[in-house]
Structures are given as C-alpha cells and as structure tokens.
Amino acid sequence: MPATVVLTFRNLVKNVRTPMLVIASVAQPLVWLVMFSQTFSRLADTPLLRGLGYRSYLALLVPGMMVLAVLFTGLQSGLAMVTDIDSGMLDKLRISPISRLSILLGRVLADSVTMVAQGAVVLGVGALMGARVETGWLGTFGMLASVALLGVVGASLANLIALRGRNAELTMVAGIFVTLPALFLSPAFLPLRFQPNWVQAVARINPASYVIDVGQRLMSIGNDWGQDVRMLAVLAVAALVLMPATVAAFRAATR
Amino acid sequence: MQAITARSPAHAIEVEDLTKVYPGGNPALNGISFAVDRGEIFGFLGPNGSGKTTTVRILVTLLRATSGTASVGGFDVERMPGRIRQSIGYTAQATGVDDDLTVHEHLVLQALLHGLPPSREQQRRIEEVIETFSLSEVAGERAGRLSGGLRRRLDIAQAVVHRPPVLFLDEPTIGLDPQSRNALWRHLRGASQEGTTIFLTTQYLEEADRACDRIAIIDGGRLVKEGTPTALKSEVGEGRLRLTLADSADSFRAARALALSPDVVSVESGDALVVRLRSVGAGLADVVRVLDRAGIPIETVETGQPTLDDVFLRYTGRAPRSEAPAGAAVSSLFAAAHGRRRR
C-alpha cells in the first residue's frame, strides 16, 4: 500500500478524532461572512458593485471566506507537523522506508479533503443567506477545487515553516502574518479596481487573490477561462517552489 | 532482510572514526569506532551527554555525521540511507506515539509503513506484539489516554512489529516497571537468537550486565572501553567487599590503611566502605588483618561480584547515574559518592 495513501488515511483519522479543530477553522470565516455582509451592506451593496456584475455584497464575500477557512486549515497543518516533530512521530516516519515527499503529500491530501468540506460549508451558509453560485454545479466544483488547491499551497508553506522553525508559536505567528494580508491584499472584501494601485500590484503576485477573483466570477459573473488559466499557473508556480523546499527541509532536518 | 543476507557483511553495524559536531560547535562524538556482529545484543553505556543518542541517531539515518563512516547491514548511512530504513526498527528516548490513534492503529501504521501489507501475517504479528508487551487490554484505547509506562511499551512494540533485522533501542527501559522490563529482555533475547541484531543504550549497568553480549562504554564522545560484561568486570578486579565499621568515624582511616594493601584495587569510603579486590579468597583475610592491626572494629562484611558500576567508575572516573533501578550494589555506590560529596 503506497505510503502516501497510508499517511493520508492516518491524518484524516486524526482530523475526524479532533472535530473541534476542523469546526474552529470554519467557524471564524462564517462569523466574518455574517458580520461583514450585514455591517457593510448599506455601504458596499451598491448599484456600483452590482454594475460590475456582482449579485450582492454577500456573493462577493463568499469566495474570500472560503479562502480564509482553507488558509486556517493550512496553518493547522503546519501546527500538526510541529506536534509530529515534538511527539517523535515524524522521526518514526523518517526512519521508515518511505519517500520524504509522501510524508508531505499524505498530510496535504488529508488537508485538502478537510478543505473541500469546509469550503462546502461556507458555500452552504452563503446559499442559505441568499447567495447562489450562478454558474451552477460546475462552478461550485471549480470553486471548491480551486480553494482546496490554494489551501494545499498554504499548507505546504506552513509545513515548511514548521520544519524549519520546529516551534508551534512561530508557525502560528508566521501563519497569521501571511494569512491576513493574503486576504486583505485581494478582492476578498472590495473589488480590486476600488483599491489603491499598490494593492492591485501586490494582488498580482498573491495566489489567494487569483483564487478569490475566480471564485467571485463563478459566484456572480460567469466563468473566464483566461483568468482560470492564470490562477492555475500562479498556483502551480507556488507549489513548484514550496513542495521541493519542504521536502528539502525534511532532509535538512537530519543535519 | 534479503538484501542483508545477500550482501552478508562481516558485521551488522560498523562504525569507523565517527565524529559529530553540532551546529554551534558543540562536539558530541570525538571519533568512535566499533563493530556489532549479527545477532548480537550490544549495549552502549554512558552518562548523560556522552554521545549515546547522537550515535544511535546517526545509525538510524536521522542525523548526519560530521566525519567518519558508519554502516548498518552493510549499507553506508551516508550513501544508502534508504536501504538501511528497510531493515531497522527504532525507539527514541522520547516515545514516538500519536495521541489521537489507538494502540492497534499505531501497530497497523508501522507495519504498513515498513512494507507489511494488510494480511493474516500482519494481523498475527500485531497480535503477537500486543501479547508480548501486555497491551491487549488497551489495544482499542487512544494513546493519549495511556500512562507513561504503557506508552513506552507501545513505542517498543512499534519498533519490533515488522521484525527488523537490526533493532535500535535508545534507553528502552526508562519508565518501565520490573515486569515489563523482564518481558522486554525476554523478547530481545528471543529475537537475538533468531538473528536480530540489537543495539541499545542504557544508563542501567545492571541491566546491560545481564542482557548484553557485549558492551561499550562511552564518555565525552569517546569510546573508553569495550568487551563482554564478564571480561570488563574481571579487569576491574574479581571481588568486591562492602564493610560497615562499628564506628563510622574510622572510615577514612580504614580506607587509607586498606589502600596500601597489595590485594586491594580500590577503596570507596562513605557510609560503608566498598573495597575492590584482585581476588576475594586471599583478599578477604588480608582486609580483616589490616583493619584488626589498625584497631578498627568491623561490624559487617558483605562479599559480592564487581558490577559494571565498578567498571564504569574505573574508566570514566565517576558513577553512571544517581538514581538506579534496583540493586544494593548501585545504591551503595550512590551512598559512597554522596557521602564523599558531603564531606
């Protein structure tokens, strides 16, 4: 049985056994979804916004809150790695005849299952509040898949920090330091064209921004293949940088 | 296993001039060399910080040496760590268990990771180690709810479930009750008879004395002595006396008088006098005569074989550890060392 499958299963079992963690990281985005859509509705839910094609401010918010949920889960993935280091489980894996990549893949694949579930919960709550996915089931699938891909990239980064730092507090602080700007320097709360030039410039190198933009199009406007391809390219680049760096961190840990 | 038989190296473990300097310049190993035969139980003894764990971690491919060579099963740790991982089991000093998984799940996970697919054979081996380490009552419990001793047993069970040809145990008996220790030693003895090579570290000298075929003493990153427990003990002296004096105020004077006797190898004075002799037969009479002549009345005399504590003290210049598992020999040594410090 491939080690990646074994480890994915192990990590999923752990997630199921500590449901509070999974629930906690989706609770925050749900609170934000309800809060922001209510408090900002008079200010933001304007003809100007609708003129750009967005169905409502709520519909604009949903993709960003899905991203927030998966980034939190990615952060937890790094914290779980620190736990594995501290508990000696990582050493157990490292002396097994399995590839270092499978240790990372086993973790992020399990995370991605959790992330799809969390994305679905945010979408579901959004739908209950009145924001539907205008592009139907295919668009829904696209949204879930793209946030899970971003989540996996985020989880790889968190695991990299965990392996280099070997410290839960450091991983936590670094994770939040990355997560919140990734969200605010994107169209999550406001279309980019209403934001300053420098934010637009930063958003261009922010993978989360691409995923949120694609999500917002799928929610309200319709699919844009060009934007989909750009998003996949940015995610692929991020994954190609982070995955080998994380695998290298496993090796460096033996020095 | 196959690979090892095919290559049939001379030794299961070979270490040549191994050094390790940690980042920051802290030297942990200063060039150690030794070899362990197939099927041997090899004990690595040393005080805290002597380099035991560093050696083990290099051998199990978790740490890279600074210089020197090491091989396990004929495979070099630097060039073929993957092949080594196919043939080892390992327990670290700190237990490697996952609080969220059950005891049984841990064993399945280890079996799978070490290439033992789900099968009757896998089930049989898991049941076997659960039996050996008396884990059946907690097999369905999550590890987070286990006591320290049970976690330790689970950890050792994990290391042996796939029957590795070479087993590394870093201080395996810490936190184990006497029954569990005995079960562990029985298991290791059996595995060794079936050809498993066992490399273990311990600070418990008595244990190493009873369980190991051969012992190396490491101190300050150097190998100070190597040999069978019997050979090491006979080098220190054949006999050992423990004397209590009628008046303990005499002990320093008694030690001085005895140290001059040709049969006496060394004397420790404390609450009791511990005298190491070249041979008990001639030595005992001599000791009694010397003390009688000096007018020092003896209250009790106990004779005994020298322990590895004596070996340790002789080669490293200090006692191995203060709190020992059991045994009067160790506690008397503690008393002696303690008494000396007080004075």
Side-chain angles (χ1 to χ4, degrees), chain A residues 1-22 76-77 79-107 110-111 114 163-166 168 247-255, chain B residues 3 20-23 56-66 72 77-78 80-102 105-106 108-119 122 142-144 151 154-155 158-159 162 164 166 168 170:
Chain A
M1 197 182 287
T4 304
V5 177
V6 173
L7 291 176
T8 302
F9 192 70
R10 174 238 172 186
N11 291 320
L12 279 175
V13 166
K14 279 175 70 70
N15 282 353
V16 172
R17 299 254 163 100
T18 44
M20 276 317 291
L21 272 180
V22 178
Q76 264 167 26
S77 175
L79 294 175
M81 179 62 83
V82 176
T83 303
D84 271 0
I85 294 171
D86 291 343
S87 73
M89 274 307 281
L90 184 64
D91 280 350
K92 281 261 181 295
L93 302 180
R94 284 165 63 214
I95 65 124
S96 309
I98 60 174
S99 88
R100 315 296 82 173
L101 184 63
S102 70
I103 302 175
L104 178 63
L105 286 180
R107 182 167 289 293
D111 295 334
T114 308
L163 283 165
R164 293 287 182 185
R166 303 182 154 235
V247 172
F250 280 115
R251 301 224 165 88
T254 61
R255 259 163 243 272
Chain B
K20 174 68 187 179
V21 181
Y22 282 105
V56 175
R57 289 179 69 84
I58 290 172
L59 289 172
V60 299
T61 75
L62 286 178
L63 194 67
R64 296 178 82 174
T66 306
V72 175
V77 288
E78 197 65 34
M80 293 170 134
R83 299 302 296 269
I84 291 176
R85 292 181 194 128
Q86 287 175 6
S87 59
I88 58 171
Y90 165 61
T91 61
Q93 229 170 318
T95 49
V97 299
D98 183 333
D99 285 353
D100 293 331
L101 299 183
T102 68
E105 284 164 349
H106 273 88
V108 173
L109 178 65
Q110 287 305 316
L112 291 174
L113 291 175
H114 286 274
L116 193 62
S119 57
Q122 190 205 60
R142 291 188 204 172
R151 287 166 76 89
L154 167 59
D155 197 32
Q158 287 189 93
H162 57 290
V166 188
F168 293 90
D170 198 354

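Keep in mind the model is a prediction, meaning the values are calculated, not measured. Letters A, B, ... are given to chains in the order of the sequence lines, protein chains preceding strands, and every chain is numbered from 1. Basis for what follows: all heavy atoms, side chains included, without hydrogens, waters or symmetry-related copies.
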Report the option among B:Ile58, B:Val97, B:Leu112 that has the most heavy-atom pairs separated by less than 4.5 Å from atoms of chain A.
-> B:Val97
Counting distance only, does the side-chain N/O of A:Lys92 pair as donor-acceptor with the main-chain N or O of B:Tyr90 below 3.5 Å?
-> yes
Tell me, with the steps shown, if A:Arg17 and B:Asp99 meet side-chain contact (heavy atoms from CB on, under 4.5 Å).
-> CA-CA 10 Å; A:Arg17 299 254 163 100; B:Asp99 285 353; over 6 Å; no
What pair of heavy atoms forms the shortest contact from A:Arg10 to B:Leu101, and how long is it?
-> CG-CD1, 3.8 Å
In Å, rounded to the nearest 0.5 Å, how long is the span from CE of A:Met89 to NE2 of B:His106?
-> 5.0 Å
Do B:Leu113 and A:Leu7 have side-chain heavy atoms sitting under 4.5 Å apart?
-> yes
Side chain, backbone, both or neither: which part of A:Thr18 has an atom under 4.5 Å from a heavy atom of chain B?
-> side chain
Count the heavy-atom pairs under 4.5 Å between each of A:Ser99, A:Ser87, A:Gly88 and chain B, then report the option with the highest count.
-> A:Ser87
Please round to the nearest 0.5 Å and tell me the distance separating atom CG of A:Asp91 and atom OG1 of B:Thr61.
-> 9.5 Å
Spacing of OG1 belonging to A:Thr83 relative to CG belonging to B:Asp98, to within rounding of 0.5 Å = 9.0 Å
If every non-hydrogen atom of A:Arg94 is compared with every non-hydrogen atom of B:Leu62, which pair is closest and at what distance?
-> NH2-O, 3.2 Å
Heavy-atom nearest pair, A:Pro97 first then B:His114, reads CD-ND1, 3.5 Å
Chain B heavy atoms under 4.5 Å from A:Ile95: which part of the residue, side chain, backbone, both or neither?
-> both
Side chain / backbone / both / neither for A:Leu90 at chain B, heavy atoms under 4.5 Å = neither
Under 4.5 Å from any heavy atom of chain A - which part of B:Pro81 = neither
